[in-house]
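First comes the structure, then the notes that go with it.
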Amino acid sequence: MEIDNSEKISELRTRMKDISPLEDEPDFFTSEETLVQFLKARNWDINASEKMLKETVEYRRQKRPMHMDCTWCHEKPGFHSMRQVGFDLMGRPVVYSNFSQAICHRNSVEDSITHSTYILENAKASMAPGVSTWIYILDCTGMTLPVCNPKLGYAVWQVMSNHYPERLGMVICVNHNAIFQGVYSAMKVFLPSTTVAKCKLARSKHKISELFQSHFSEEMTKWLLEEIHLNKIRPLPRNQIEFWNAPSMNNEHDPRGTPSYVKRFIEGFQMEDTLSSKIHKPHPNIIDSVTGKKVIASESAVASLQQERDGDKSPESANASDDDENNIEAIEIAKEYQIPEEAKLEQE
């Protein structure tokens, strides 16, 4: 029997009536979608939901996340590879990230949160009515601890869970290795069981293809499989490093996203579109490229990237068996990359 929570939704809306509206989104904390998300996140506890929502309103008032931009990517093209590339069968935005493509050798909490926020805010802007969650494809090829570790993951998770509740639809991790297992093992302690249940792991070519076909269209599946394949090539092809530029030939794979996503959100994108907080914006370097800027990865950055990624000895997914999915020994995480002790104490 379905429980009627309409009274709790109305009660939470009433409790928010004296809060000053947000300049960019005056209906944010009175919309039913927002109210339901925050109530669900706190198991329909009115008091806990009210506290969480009010903290998020102030967060959005101070940070203005709809206007965030990733200066790291603008200043050093390819600093982050995370980008929206299309949609799943339910119309949910699909975000893809691959460590082999990222020029950065060491991420900070600040740049990680800023870029993740930029991507999520713009994923929201691409959502059709009735869609409220997104899909994250994490390709672990080229993964190293300086760019992905429990300390960074925990910091990003805190922001996402506290201010973007009920937004994650599913995470699909492919080509995961011992580094990922170490990071994931440390993170799982802090993740609710509902979030852990949304994480799917796949290493074998068969398992990856099967998982993609069950959630994505033929176009999206084809794009993902080709992108993952190309990002395992050593040395990494230049057009994969500079994933923000359009391919030189019409029939070539476009690393910016699926044909339908590129046509709808990238082709024809205008400089004035960057001024609107309601229009979906692709990866910052894609915007730079399509608005006339010459965006090239520096030779020194490329050389350094290739040298570091050449040291990645993770096995090819084509050689991995389905039995290997959860049987990878986790590495020991160095203290500098561990979750802060105070966070662990709070969890206890």
Side-chain angles (χ1 to χ4, degrees), residues 20-29 31 33-34 57 59-87 91-97 101-103 110-132 134 159 163-164 167 219-220 223 239 241-248 250 252 254-298:
S20 300
L22 294 170
E23 180 181 349
D24 300 314
E25 39 190 349
D27 300 326
F28 171 74
F29 56 83
S31 71
E33 179 182 80
T34 299
V57 169
Y59 168 83
R60 297 188 72 81
R61 197 186 308 281
Q62 294 174 22
K63 299 290 187 180
R64 300 190 72 196
M66 292 175 70
H67 296 275
M68 274 191 183
D69 197 2
C70 185
T71 56
W72 290 268
C73 285
H74 290 300
E75 294 172 359
K76 191 173 183 179
F79 196 91
H80 301 104
S81 71
M82 179 191 287
R83 60 200 185 274
Q84 185 171 335
V85 296
F87 300 86
R92 298 177 293 185
V94 174
V95 173
Y96 172 80
S97 181
Q101 291 178 306
I103 292 294
E110 184 181 10
D111 75 66
S112 299
I113 290 176
T114 299
H115 191 81
S116 297
T117 300
Y118 171 90
I119 295 299
L120 183 49
E121 286 291 332
N122 281 289
K124 285 168 54 182
S126 75
M127 291 176 179
V131 177
S132 61
W134 60 309
V159 173
H163 304 305
Y164 295 89
R167 283 292 186 182
E219 178 193 60
M220 185 81 258
W223 186 93
N239 58 337
I241 294 174
E242 296 178 348
F243 58 82
W244 51 86
N245 290 325
S248 56
N250 290 334
E252 283 185 328
D254 191 337
R256 298 176 299 173
T258 61
S260 59
Y261 173 79
V262 170
K263 182 177 182 179
R264 181 180 174 189
F265 293 105
I266 296 178
E267 292 178 352
F269 190 92
Q270 302 294 320
M271 180 63 75
E272 53 265 30
D273 293 337
T274 63
L275 302 176
S276 172
S277 60
K278 299 184 182 301
I279 293 178
H280 169 74
K281 303 179 191 66
H283 188 283
N285 292 139
I286 294 178
I287 291 179
D288 290 339
S289 181
V290 298
T291 54
K293 295 180 182 178
K294 190 174 182 180
V295 190
I296 302 175
S298 70

With no hydrogens and no angle check, just 3.5 Å: does a side-chain donor-acceptor pair link [X] and [Y]?
X: Gln270; Y: Thr291; value: no
X: Tyr261; Y: His280; value: yes
X: Asn285; Y: His74; value: no
X: Thr117; Y: Thr114; value: no

Treating [X] as the side-chain partner and [Y] as the backbone partner, does any N or O pair qualify as donor plus acceptor under 3.5 Å?
X: Trp244; Y: Ser289; value: no
X: Ser126; Y: Ala123; value: yes
X: Glu242; Y: Ala297; value: yes
X: Thr34; Y: Phe28; value: yes
X: His283; Y: His80; value: yes

NZ/NE/NH1/NH2 to OD/OE distance under 4.0 Å, [X] and [Y]:
X: Lys281; Y: Asp273; answer: no
X: Glu267; Y: Arg256; answer: no
X: Arg167; Y: Glu33; answer: yes

Quiz item: Do Arg83 and Phe243 meet the cation-pi criteria used here (NZ or CZ under 6.0 Å from the six-membered ring centre, within 45° of the axis)?
Solution: yes
| task | Compute both the distance and the angle, then confirm whether Arg92 meets the cation-pi test with Phe87: under 6.0 Å from the six-membered ring centre, within 45 degrees of the axis. | result | no
**Q.** Greater than 12 external heavy atoms within 6.0 Å of Lys63's NZ
**A.** no
- Show your reasoning for whether side chain to side chain contact (heavy atoms under 4.5 Å, CB included) applies to Leu22 and Val57. CA-CA 8 Å; Leu22 294 170; Val57 169; 4.0 Å; yes
Check your understanding: Looking at side-chain heavy atoms only, is the closest gap between Tyr164 and Pro65 below 4.5 Å?
Key -> yes
Could you tell me if the ring centre of Tyr96 sits under 6.0 Å from that of Trp223? yes
Starting from the C-alpha separation in whole Å, work towards a yes-or-no answer on side chain to side chain contact (heavy atoms under 4.5 Å, CB included) for Val94 and Trp134.
CA-CA 6 Å; Val94 174; Trp134 60 309; over 6 Å; no
### Task
Check the pair Arg60 / Glu121 against salt bridge (Lys or Arg N to Asp or Glu O under 4.0 Å), numbers first and verdict last.
CA-CA 11 Å; Arg60 297 188 72 81; Glu121 286 291 332; 2.9 Å; yes
